[in-house]
Chemist: 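The structure follows.
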Amino acid sequence: MIESLVTQLEKQHLIAAFALVGATMYVSYLISAKLTRGRVHGSAIAIMAGLALAYFGGIHTGGTKGLADISLFAGLGLMGGGMLRDLAIIATAYGVRFQEIREAGISGIVALFLGVLVSFVAGVAVAYAFGYRDPVSLTTIGAGTVTYIVGPIAGASIGASSEIIALSIAAGLFKSILVMVMTPMAARYIGLDNPRSAMIFGGLMGTTSGVAAGLAATDPKLVPYGAMTATFYTGLGALLAPSVLYIGVRAIF
């Protein structure tokens, strides 16, 4: 019976992928509730579990796509691709009240530009401290600190090596997990309890996955607002990093 089930799942890759992700999320939220009493959000635990599973898949198969290199879980390559990711990001906008967006006003716009600039400068500074000096590497790692999506976009645009692009993704992923874990802890102290502050927070932090998970642990009603500006942040970073910010880095270094 088990062999028959495995055979069917190998034929239905996407169903197997959804089943695996669903089971991982269930166990992660169970761990969050029982072992951390909600202090560490289930999404953060799920991401760490996903990284561990991807590492296991890479070690087991010697491939480059993690668990997607195992035939049973080949559907993860589609499920984790850009199509469903972008659909999930766009879907968050449907819970937004545009009256609240208008009330954010100029502060939301300032938060977007300030968030991109501060994250980029921090990433460049860390990269410089670790010995990187060429503008391409500095820009790519700085862009990765903006988000792990902006890093590869910028790196591919300006000719960065695959190793530097991988570092940029790692920097963005670390930031995303940090935002997930710290948002519920800091929310009370920074006034993160209304749609306007959620939009400003999303604009400053920028990592859509981190902001969405962090706000979900704080107040699920705030997720669409934070995710909205965080999505704009990603687009703004992808526009500025390989152009204006790269020119700035070249002028300095």
Side-chain angles (χ1 to χ4, degrees), residues 43 81-124 139-158 168-169 171-180 182-183 186-187 190-248:
S43 296
M83 180 181 68
L84 292 180
R85 179 203 65 205
D86 293 344
L87 176 63
I89 291 173
I90 292 169
T92 61
Y94 285 94
V96 171
R97 292 178 58 227
F98 285 95
Q99 177 63 30
E100 303 287 0
I101 294 177
R102 285 196 296 268
E103 290 180 3
I106 191 66
S107 57
I109 298 174
V110 171
L112 281 172
F113 282 91
L114 186 62
V116 170
L117 185 60
V118 169
S119 292
F120 182 83
V121 170
V124 169
T139 301
T140 303
I141 296 174
T145 311
V146 174
T147 78
Y148 57 77
I149 296 175
V150 173
I153 292 174
S157 299
I158 60 180
S168 75
I169 295 173
L173 186 59
F174 176 78
K175 173 186 173 182
S176 179
I177 294 175
L178 190 65
V179 171
M180 285 183 197
M182 295 303 297
T183 298
I190 62 177
L192 189 57
D193 56 6
N194 60 81
R196 185 171 183 272
S197 64
M199 282 186 285
I200 294 172
F201 179 76
L204 287 172
M205 296 295 103
T207 167
T208 305
S209 55
V211 167
L215 290 177
T218 303
D219 183 351
K221 294 180 181 178
L222 299 179
V223 172
Y225 301 99
M228 170 67 76
T229 47
T231 303
F232 282 123
Y233 173 105
T234 301
L236 182 64
L239 178 66
L240 293 180
S243 54
V244 176
L245 296 177
Y246 173 55
I247 293 173

Chemist: I need the Ile141 CD1 to Phe120 CZ distance, nearest 0.5 Å.
Modeler: 10.5 Å
Chemist: Run the side-chain hydrogen bond (donor to acceptor under 3.5 Å, both in side chains) test against Tyr246 and tell me which residues pass, sequence neighbours left out.
Modeler: none
Chemist: With a 4.5 Å heavy-atom cut-off, do Ile158 and Thr140 have their side chains touching?
Modeler: yes
Chemist: Has the side chain of Thr229 got a donor or acceptor atom that lies under 3.5 Å from a matching backbone atom of Met199?
Modeler: yes
Chemist: Report the residues that fulfil side-chain hydrogen bond (donor to acceptor under 3.5 Å, both in side chains) with Ser176, sequence neighbours left out, ordered by chain and then residue number.
Modeler: Thr207, Ser209
Chemist: Hey, are the side chains of Thr183 and Phe201 touching, using non-hydrogen atoms and a 4.5 Å cut-off?
Modeler: yes
Chemist: Please enumerate all residues that pass side-chain contact (heavy atoms from CB on, under 4.5 Å) together with Ala198, with sequence neighbours excluded.
Modeler: Leu192, Leu215, Leu222, Tyr225
Chemist: Checking Leu239 now: which residues fulfil side-chain contact (heavy atoms from CB on, under 4.5 Å) with it, not counting sequence neighbours?
Modeler: none
Chemist: How would you list, by chain and number, every residue that makes a side-chain hydrogen bond (donor to acceptor under 3.5 Å, both in side chains) with Ser119, sequence neighbours excluded?
Modeler: Lys175, Tyr233
Chemist: In chain order, what residues pass the side-chain contact (heavy atoms from CB on, under 4.5 Å) check against Phe232, with sequence neighbours excluded?
Modeler: Leu112, Met228
Chemist: Sequence neighbours excluded, which residues qualify as side-chain contact (heavy atoms from CB on, under 4.5 Å) partners of Ile247?
Modeler: none
Chemist: Among all residues two or more places apart in sequence or in another chain, which pass the side-chain hydrogen bond (donor to acceptor under 3.5 Å, both in side chains) test with Ser197?
Modeler: Asn194
